[in-house]
Amino acid sequence: GGVLNDRTIPELQCRAVAGAANNQLLAPGHAEALAARSILYVPDFIINAGGVINVADELEGYNERRAYARIDSIFGNVRRVLETAAKQSITPSAAANRVAEARIASVGRIRRIRGPQAATF
């Protein structure tokens, strides 16, 4: 983790950072440093969700087709984050946090209304 930092960001020669490594940014301000260099950053917890989704499916008795259908949602989630970032003039990192917080709050509301088994991912 922390490979994107004050020393490494100026050396980057790319248009995007969208990899599977965890905690790529050393500090939250490094998302702004990437944006200042016009480097698109997609946070790891959005783009790297496939492994967690696949493992979580095991809680219901693993079904590969169901797991892969859920993994396909990553594309839409990334698009939602990038659209939110553009509309709100914030970094994709900040947008990913807002989208995730909204989803967590939504799941909490569903569980309060329908009970603990109501929300599935």
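Not measured: the values here are computed from a predicted model.
- Panel note: side chain Thr84, backbone Arg80; a donor-acceptor pair is recorded below 3.5 Å.
- Among residue pairs with one or both ends in residues 92-101, those qualifying as side-chain hydrogen bond (donor to acceptor under 3.5 Å, both in side chains) are Gln88-Arg98; sequence neighbours excluded.
- Leu4 and Ile47 sit in two unconnected hydrophobic clusters of ILVMFWY residues. Membership requires side-chain heavy atoms under 4.5 Å apart, directly or through other members.
- Not counting sequence neighbours, the partners of Asn5 by the side-chain hydrogen bond (donor to acceptor under 3.5 Å, both in side chains) test are Thr8.
- A donor-acceptor pair shorter than 3.5 Å cannot be found between the side chains of Tyr68 and Asn54.
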Verdict with reasoning, Glu60 to Arg70, per salt bridge (charged side-chain N to carboxylate O under 4.0 Å, His left out): CA-CA 13 Å; Glu60 300 175 43; Arg70 290 175 175 165; 3.1 Å; yes

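- The two residues Ile74 and Gly50 have their closest heavy-atom pair at CD1-N, 3.4 Å.
- Evaluation of the side chain to side chain contact (heavy atoms under 4.5 Å, CB included) rule for Arg79 yields Phe75, Glu83 as partners, not counting sequence neighbours.
- If you chain together hydrophobic residues whose side chains sit under 4.5 Å apart, Ile90 and Leu25 never meet in one group.
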Run the side-chain donor-acceptor check on residues 26-42: report pairs under 3.5 Å with partners two or more places apart or on a different chain.
from	atom 1	to	atom 2	distance (Å)
His30	ND1	Ala27	N	3.0
His30	ND1	Ala27	O	3.3
His30	NE2	Asp6	N	3.3
His30	NE2	Asp6	OD1	2.9
Arg37	NH1	Ile9	O	2.3
Arg37	NH1	Leu12	O	3.3
Arg37	NH2	Leu12	O	3.0

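- A salt bridge is defined here as a Lys NZ or Arg NE, NH1 or NH2 lying under 4.0 Å from an Asp or Glu carboxylate O, and Glu58 with Arg66 fails to meet this definition.
- Partners of Asp44 according to the salt bridge (Lys or Arg N to Asp or Glu O under 4.0 Å) rule, which considers only residues two or more places apart in sequence or in another chain, do not exist here.
- With a 4.5 Å cut-off on side-chain heavy atoms, Val81 and Asn77 do not count as touching.
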For residues 14-24, which side-chain N or O atoms pair as donor and acceptor with protein atoms under 3.5 Å away, sequence neighbours left out?
from	atom 1	to	atom 2	distance (Å)
Asn22	OD1	Asn48	ND2	3.3

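- Side-chain heavy atoms closer than 4.5 Å link hydrophobic residues (I, L, V, M, F, W, Y) into clusters, and following such links, possibly through other members, connects Phe45 to Val78.
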